[in-house]
Student: 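Sharing a structure, written as structure tokens. Questions coming.
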2 protein chains.
Amino acid sequence: MSATPREDRLVPAPAVRDPTLRDVAELAGVSPRTVSNVVNGYARVTPDTRAKVERALAQLDYQPNLLARSLANGRSGQILVVVPYLDTPYFSELLQAVIPRARTRGYDVLIDQTDGDPRHEAALLRRRSRGLRYDGMLFSPLGLSQDELRDRDQALPLVVLGERSSDGGFDHVGIDDVAASRDAVRHLVACGRRRIAAIGDQPYRTGEAAQRRTEGYRQALAEAGLPVDESLVVQTPRFNRADGARAMEALLALPDPPDAVFAYSDLVALGAVHVLHRVGLRVPDDVAVVGYDDIEDGRYSNPTISTVSPDKAAIAREAVDRLLGRVEGARTGRGEEILVDYALVPRQSTRGGSSEEGRGSEEGRE
Amino acid sequence: MSATPREDRLVPAPAVRDPTLRDVAELAGVSPRTVSNVVNGYARVTPDTRAKVERALAQLDYQPNLLARSLANGRSGQILVVVPYLDTPYFSELLQAVIPRARTRGYDVLIDQTDGDPRHEAALLRRRSRGLRYDGMLFSPLGLSQDELRDRDQALPLVVLGERSSDGGFDHVGIDDVAASRDAVRHLVACGRRRIAAIGDQPYRTGEAAQRRTEGYRQALAEAGLPVDESLVVQTPRFNRADGARAMEALLALPDPPDAVFAYSDLVALGAVHVLHRVGLRVPDDVAVVGYDDIEDGRYSNPTISTVSPDKAAIAREAVDRLLGRVEGARTGRGEEILVDYALVPRQSTRGGSSEEGRGSEEGRE
DNA sequence: TTGAAAGCGCTAACAG
DNA sequence: CTGTTAGCGCTTTCAA
């Protein structure tokens, strides 16, 4: 039996074993400590020994065991991103921006989807934070009220998306929903509409995001001196196409249907437009529609959808940076409220015509 | 100083420390081994001691440190899912199905997106598998050829989605693209179309998926005795709306434009329809369009898009189960080719009308 | 600057 | 059935 490069074993070594820090140390003739220093660029190392170590590193094609590293230093290098639905364009577009941002900071992304189930969401919040596979959580809740959001493991860094937090219980990143909604409805008013419906209100204590949009809607109507016809405010369980379609059908069944619709998401808008087309009504001629989120579908749909466009790149950037700031201890203290930019983007569904246009910034707000 | 419940320490204990297996063992008066057995439901344990342990478990609200567990048993309990774009509906809908499937099997999901970058993809394949944070990889490649897919770390369980593998180098899950494309074009022929364009061909060695669709297109035309006009086969760099729009513009600039389009994805179809509307052509009256993927957008667009509908739930199920079969050692040996069901779903973009319909299974295959 | 050694918290051989 | 114990591979305090 020929001698192996590694010390002898009683049992035959496994066919192939990845090189460890120890192997590198032996080959380089230094201690594991030194190799670790080189690998992590920590303490100063003599150019001489560094060269030796690096040669060994290369020769063995060493790659650190991330699990072991995590266990030793108590950091997983992963963050968890929680969304209600992955196949909702708004969330997938957001994730598309979040993942590279996290990666440039050296973190991998775990994903969970809750289907908006309050129990699932609550469980995620209360899970003991240490010994977990992630160092922090980016959370887009749907079924939880503000109070429930506060009842959580305070040790786990948390940034909440899309819900308003006024009380410093956690960091929050989003846009000013009331102002954005007001702008959207102002736009419809400016287009000469008078019977403006709102689709997407939610009565629950968990529907605060929806309620802020409704608030903006009311403010804009009040400004314009228009009455609020409560029968034009339609509630929906969620913000998807099917909800938009159903709500639109209900509105059309009214004795005096609306001449415009403010939809609380682009999907809702698309669902509404779908129904309008089916019954032979023209958009925007008969009914103008404005949506919310600026998902890609709305830029290619027929007609294209006027919408409130949140700066998703900014949301992703702010959210990831705030979260990792807490993870890495650079930030402490009370949660902050971060409002990012948004813009109202008029397209065919309110203006008609057939031209495409890029992301406008008119009526942009902060 | 009052006595602490834990053994004395020379330095003050950290303000709060999560209970470990050891803590539980001490409290219950048994060995860590036994606690481990109870927690993992391994060996048989006396009801008596089990009760003791469980009481201690509950009292301390013990939760295992997953990192430590992973390091000890060499399994992370995570799989990595790699897609080119997260905000492409096909992929996000697939992920929506994959995540719960993995979770029911006890695995968490890490996500990476490559933007179709061949270097990124190749790096992922070659990364040393041990010491990684994931036990297996579900991979939807875009920029890699079959050969490049084979050049990988064989130790990492891998299931490939959406590319055809005939050679057992890895497991593959998908639908029969040639047959599905043939069905799609047959459908257009059956609708009385004669000048049928194809949008989405790709010439590269990495464009094999696209080339199979083109093959099906040619077969269907040949069957119908129709000539293949190469100017009607338009190549696109990717499969998104913008590509579909550009390709459609090019087709309309032809001296003799098509009366039907087979688009290699629903996004391409939507982009094409967008352009057709803009120039005032009617779908399907002037130009019929059939897509591929059956994404939700196509069920609510105007018109709704006829499409090839792969059984995404089956793809997710088969892919996750095959992958975990290998991860857990239940499966070994050569890679298999798994073909799942698909159906051609006719909608307004080929048939006209304005009714909605659910997922049809007519012309379903395989 | 570098080495020795003690963990991180859990699993699993190996007794008993 | 349960206890003892030796790691998993890395980081990091403490000495030298």
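In what follows, chains carry the letters A, B, and so on, assigned in the order in which the sequence lines appear, proteins first and then strands, with residues in each chain numbered from 1. Computed from a predicted structure; not experimentally measured. Worth knowing before you read on, the calculation uses all heavy atoms, side chains too, and leaves out hydrogens, waters and symmetry mates.
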Student: Can you tell whether the side chains of A:Arg126 and A:Asp151 come within less than 4.0 Å, N to carboxylate O?
Tutor: yes
Student: Within the distance-only criterion (no hydrogens, no angle test), does the side chain of B:Tyr85 pair as donor or acceptor with the backbone N or O of B:Asp115 below 3.5 angstrom?
Tutor: yes
Student: Is there a side-chain polar atom (N or O) of B:Thr46 under 4.0 Å from OP1 or OP2 of D:dT2?
Tutor: yes
Student: In whole angstrom, what separates B:Glu26's CD from C:dC10's P?
Tutor: 13 Å
Student: Looking at A:Thr20, I'd like to know whether one of its side-chain N or O atoms comes within less than 4.0 Å of OP1 or OP2 on D:dG9.
Tutor: no
Student: Both A:Arg50 and B:Asn73 contact DNA chain C. Taking the nearest nucleotide for each, which residue is further toward the 5' end?
Tutor: A:Arg50
Student: Which whole-number value in Å describes the distance from B:Tyr62 OH to C:dG9 C1'?
Tutor: 7 Å
Student: The side chain of A:Pro64 lies closest to which of these nucleotides: C:dT11, D:dG9, D:dC10?
Tutor: D:dC10
Student: Take atom CZ of A:Arg33 and atom C1' of D:dT11, then tell me their distance rounded to the nearest Å.
Tutor: 8 Å
Student: Among the nucleotides D:dT2, C:dT2, C:dG9, which one has an atom lying closest to any side-chain atom of B:Ala68?
Tutor: C:dG9
Student: Between the side chain of A:Gln78 and the main-chain N/O of A:Arg133, is any donor-acceptor distance below 3.5 Å?
Tutor: yes
Student: Report the nucleotide, chosen from C:dC10, D:dG9, D:dT2, that has the shortest atom-to-atom distance to any side-chain atom of B:Leu71.
Tutor: D:dG9
Student: Should A:Arg69 be listed as having a side-chain N or O under 4.0 Å from OP1 or OP2 of D:dG9?
Tutor: no
Student: Can you tell me the distance, in whole Å, between the CG atom of A:Asn65 and the P atom of C:dC8?
Tutor: 18 Å
Student: Under 4.0 Å, heavy atoms only, any strand: does A:Pro32 hit a base, just the sugar-phosphate, or nothing?
Tutor: nothing
Student: Report yes if a side-chain nitrogen or oxygen of A:Thr34 is closer than 4.0 Å to either non-bridging phosphate oxygen (OP1 or OP2) of C:dT2; otherwise report no.
Tutor: no
Student: Give one of base, sugar-phosphate or nothing for A:Ser36, where a contact means two heavy atoms less than 4.0 Å apart.
Tutor: base
Student: Could you check how far CG of B:Asn37 sits from P of C:dC14, rounded to whole Å?
Tutor: 16 Å
Student: Please determine whether a side-chain nitrogen or oxygen atom of B:Asn40 lies at a distance below 4.0 Å from atom OP1 or OP2 of C:dT11.
Tutor: yes
Student: Which pair of non-hydrogen atoms, one from A:Lys312 and one from A:Glu93, has the smallest distance, and what is that distance?
Tutor: NZ-OE1, 3.0 Å
Student: How many Å lie between CG on B:Leu67 and C1' on D:dG9, as a whole number?
Tutor: 12 Å
Student: Enumerate, atom names and distances included, each donor-acceptor pair closer than 3.5 Å involving a side-chain atom of residues 315-322 of chain A, sequence neighbours excluded.
Tutor:
residue: A:Glu318; atom: OE1; partner: A:Arg322; partner atom: NE; Å: 3.3
residue: A:Glu318; atom: OE1; partner: A:Arg322; partner atom: NH2; Å: 3.0
residue: A:Asp321; atom: OD1; partner: A:Arg101; partner atom: NE; Å: 3.3
residue: A:Asp321; atom: OD1; partner: A:Arg101; partner atom: NH2; Å: 3.4
residue: A:Asp321; atom: OD1; partner: A:Arg105; partner atom: NE; Å: 3.4
residue: A:Asp321; atom: OD2; partner: A:Arg101; partner atom: NH2; Å: 2.7
residue: A:Arg322; atom: NH1; partner: A:Glu336; partner atom: OE1; Å: 2.9

Student: Look at the side chain of A:Ala72 and decide which nucleotide, out of D:dG3, D:dG7, C:dC8, has an atom nearest to it.
Tutor: C:dC8
Student: Whole angstrom is fine here: how far is it from CZ in B:Arg22 over to C1' in C:dG9?
Tutor: 10 Å
Student: Mind checking if A:Thr49 touches a base, just sugar-phosphate, or nothing, with heavy atoms under 4.0 Å?
Tutor: sugar-phosphate
Student: Just how far, in rounded Å, is P of D:dG9 from CZ of B:Arg133?
Tutor: 16 Å
Student: Would B:Asn37 and B:Arg33 count as having a side-chain donor-acceptor pair, cut-off 3.5 Å?
Tutor: yes
